[in-house]
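This report refers to the structure that appears directly beneath it.
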Amino acid sequence: MMGRTIFIDPGRCIGCQACVSACRECDSHRGKSMIHLDYTDEGQSVASLPTVCMHCEDPVAPCAEVCPADAILVTADGVVQQADTTRCIGCANCVNACPFGVPKIDLGAKLQMKCNLCYDRTAYGLAPMCATVCPTGALFYGTVEELQAERPGVQVADTFVFGSTEVRTGVAMVVPADKVQWPVPGGLPVVEINGKDVRR
Amino acid sequence: MVGAAVSGLLILAIVLGSRLLRNFDSALLPYAVAGVFLAFGVAYRYTVWISAPGAARLFKQGWRSLFSAENFRQAPTALPKMIATYLGFQKFLGARSHARWAAHQLIFWGCVLAALITFPLTWGWFTFTSGSGSGPGYEMRIWGFKILGFDSLSFIGWVMFHGLDLAAVLVIPGASYFLWRRMKDRGASTGQRFGYDLIPLIALIVISVTGLLLTFSSIFLHGGGYEFLAVLHMVAVVFTLIYIPFGKFFHIVQRPAAVGMQLFKYTARQDDEVFACRRCGQPIDTEPYVENLRGTMRDLRLDFDEWAEYCPRCKRVLRGSAYLTHVKKGFK
């Protein structure tokens, strides 16, 4: 059973960028935001999606598994840390292997950076910066029980499907109650985008 | 196996290099033994490290790129340039912070100097001999062969006999800066571990300070406290050498992997082999690198390697679109 974690509800996201600004204040990557806010259906709707590191549990952190320099550490409580600055060689394996498109890379500094669940705060029981400032609750930090007490009837899903592969994560997404059994679609296989065939 | 073989080879090199132990200084035995342990540990850890799928594939590709005809033909200067800028002057650290770059350069060159002196000296490869027995004319010999002669009272002589002091003078400010940063900088102190992040810096400072104190003792105290300091210095060095393969210092051994990685990408870029995102067309990486990563992912049974053909933003947008289409249709 999941403990305290982030629950993402894209249905509540208004794309205000407050989380992006707040993320810059996280001590582990001061001044740089590690949260992604994407407008998924730009020009057609106002839909937006905040993406934090999903802290993959099974398979355990693909970013760490493909890292050739053992630079990404997974803590005992399941938090996938950003790359160790002494070890990271800036190869971008993690960036390209992450199915969620989370890690960023600074090619000049040869350094990967990513959300590490505000470890400086969550290790002491505080909510991550993004969840603290989110005005609509699209990013909620707490337990499933706390989420459900606040929002009766919601369910969460912590499994994503990429093609034939399932990835179970430490961060979960809010799903309508009648679809709780669904793993959340990861977007693969990609056949068509906005009516355009993207296959080669 | 590999560790034992490397240690065995080193012992053989020590015996032969010290002219069947004739030049071996038994007072330096603990350092030499620590050197053998270091060789064992590094070889063992290195083998384990490059056996993992991600490192193994990169290791092979790096060497393949180096010995490829394309590399010799199109970029013969690329490797020396990368070694100098990346491994020697660590340009990438300047992009992280100029102060960190400067401090790291001090530690790096100080440690290089110290290693170049310490290892050959403790293995009996270096000897300083004087024809007259009392100087001031000295000869420096490596494996018994004379390399240079110098006057111990000249500037060169002073530098030769105070090389480790000079190394300590370089290392102390560099390591102190990093120690200060770890105490003060909120970014650096987040998630830091005492054994991993602080012990190496403390060890460097202890080695340097006790080393300088040995010189201080011999010049100003007529050798007062020398034995105690010598033991303290030796213990600090021995523990640090043994710690190298298992802690933060292992990055010294791992760093060259970055040169292999860069060379692999560089060689492909010379041939314009850039892989574009299947959705938006933005370049992701070089084609062989993406293929290499997909191979690594398959080795690891991460069966979504096809996903590596999309840029991070497209992955997020596609996932968002799928969520909107299949989970919550409220926006449409």
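Everything quoted here is computed from the prediction, not taken from an experiment. Sequence lines set the chain letters: A, B, ... in the order given, protein chains first and strands last, and positions in each chain run from 1.
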| request: Please report the closest heavy-atom contact between A:P99 and B:K315, naming both atoms and the distance. | output: O-CD, 3.8 Å
| Residue B:A308 versus chain A: region with a heavy atom under 4.5 Å | both
| field | Step-by-step side chain to side chain contact (heavy atoms under 4.5 Å, CB included) determination, A:D70 to B:Q254 | value | CA-CA 9 Å; A:D70 301 334; B:Q254 286 180 313; 3.9 Å; yes
| Backbone N/O of A:F160 and side chain of B:R319: donor-acceptor pair under 3.5 Å | no
| message | Could you tell me if the side chain of B:Y196 sits less than 4.5 Å from the side chain of A:D84, heavy atoms only? | response | yes
| task | Verify whether one side chain among B:R316 and A:H36 offers a donor that lies under 3.5 Å from an acceptor in the other. | result | yes
| field | Shortest non-hydrogen contact between B:K265 and A:G90, atoms and distance | value | NZ-O, 4.5 Å
| field | chain B contact via A:R30 - side chain, backbone, both or neither, heavy atoms under 4.5 Å | value | side chain
| request: Pick one of side chain, backbone, both or neither for B:F59, based on which atoms fall under 4.5 Å of a heavy atom in chain A. | output: neither
| Heavy-atom pair of closest approach, residues B:K248 and A:T86 | CE-CG2, 3.2 Å
| Among A:P62, A:P59, A:S164, A:C91, residue most engaged with chain B (heavy-atom pairs, under 4.5 Å) | A:C91
| said: Please determine whether the number of non-hydrogen atoms from other residues, nucleotides or ligands lying under 6.0 Å from atom OH of B:Y44 exceeds 12. | reply: no
| request: Measure B:D285 against the heavy atoms of chain A and call it side chain, backbone, both or neither at under 4.5 Å. | output: side chain
| note | When the 4.5 angstrom heavy-atom criterion is applied to A:C98 and chain B, the contacting part is backbone
| Checking heavy atoms, do the side chain of A:L73, its backbone, both or neither come under 4.5 Å from chain B? | side chain
| What are the two closest non-hydrogen atoms of B:R96 and A:T85, and how far apart are they? | NH1-O, 2.7 Å
| query | Can B:Y310 and A:N96 be counted as having a side-chain donor-acceptor contact under 3.5 angstrom? | reply | no
| message | With heavy-atom distances below 4.5 Å as the criterion, would you say the side chains of A:P185 and B:V327 are in contact? | response | yes
| message | Only pairs of heavy atoms separated by less than 4.5 Å count here; which of B:L293, B:I252, B:I50 has the most with chain A? | response | B:L293
| request: May I have the step-by-step check of side chain to side chain contact (heavy atoms under 4.5 Å, CB included) for B:F92 and A:D106, ending in yes or no? | output: CA-CA 10 Å; B:F92 63 101; A:D106 182 338; over 6 Å; no
| task | Please look at A:L49 and chain B and tell me whether the side chain, the backbone, both or neither of the residue comes under 4.5 angstrom of a heavy atom of that chain. | result | side chain
| message | Quick check on B:F264 against chain A: is it the side chain, the backbone, both or neither that has a heavy atom closer than 4.5 Å? | response | neither
| Are any side-chain N or O atoms of B:W307 and backbone N or O atoms of A:G186, one a donor and one an acceptor, separated by less than 3.5 Å? | no
| request: Would you mind checking which part of B:F250 comes under 4.5 Å of any heavy atom in chain A, side chain (CB onward), backbone (N, CA, C, O), both or neither? | output: neither
| message | I'd like to check A:K110 versus B:L93 (side-chain heavy atoms, cut-off strictly below 4.5 Å). Are they in contact? | response | no
| field | Per-residue contact mode, B:E309 against chain A (heavy atom under 4.5 angstrom) | value | neither
| request: Find out whether A:N93 and B:Y289 are in side-chain contact, i.e. whether some heavy atom of one side chain is under 4.5 Å from a heavy atom of the other. | output: yes
| query | For the atom pair OG1 (A:T40) and CG (B:L318), what is the distance rounded to the nearest 0.5 Å? | reply | 10.0 Å
| task | Heavy-atom pairs under 4.5 Å with chain A are the metric here; pick the option from B:R294, B:R255, B:H251, B:Q262 that has the most. | result | B:R255
| A:D9 versus B:Y323, closest heavy-atom pair with distance | OD1-OH, 4.3 Å
| said: Counting heavy-atom pairs closer than 4.5 Å to chain B, which one of A:C67, A:A123, A:A69 comes out on top? | reply: A:A69
| query | Should A:T165 and B:L302 be marked as a side chain to side chain contact (heavy atoms under 4.5 Å, CB included) after you check the CA-CA gap, both sets of side-chain angles, and the distance that decides it? | reply | CA-CA 8 Å; A:T165 312; B:L302 299 172; over 6 Å; no
| field | Student check: side-chain heavy atoms of A:D120 and B:R186 closer than 4.5 Å | value | no
| message | Restricting to non-hydrogen atoms, name the atom on A:A47 and the atom on B:L324 that form the minimum distance, rounded to 0.1 Å. | response | CB-CD1, 3.5 Å
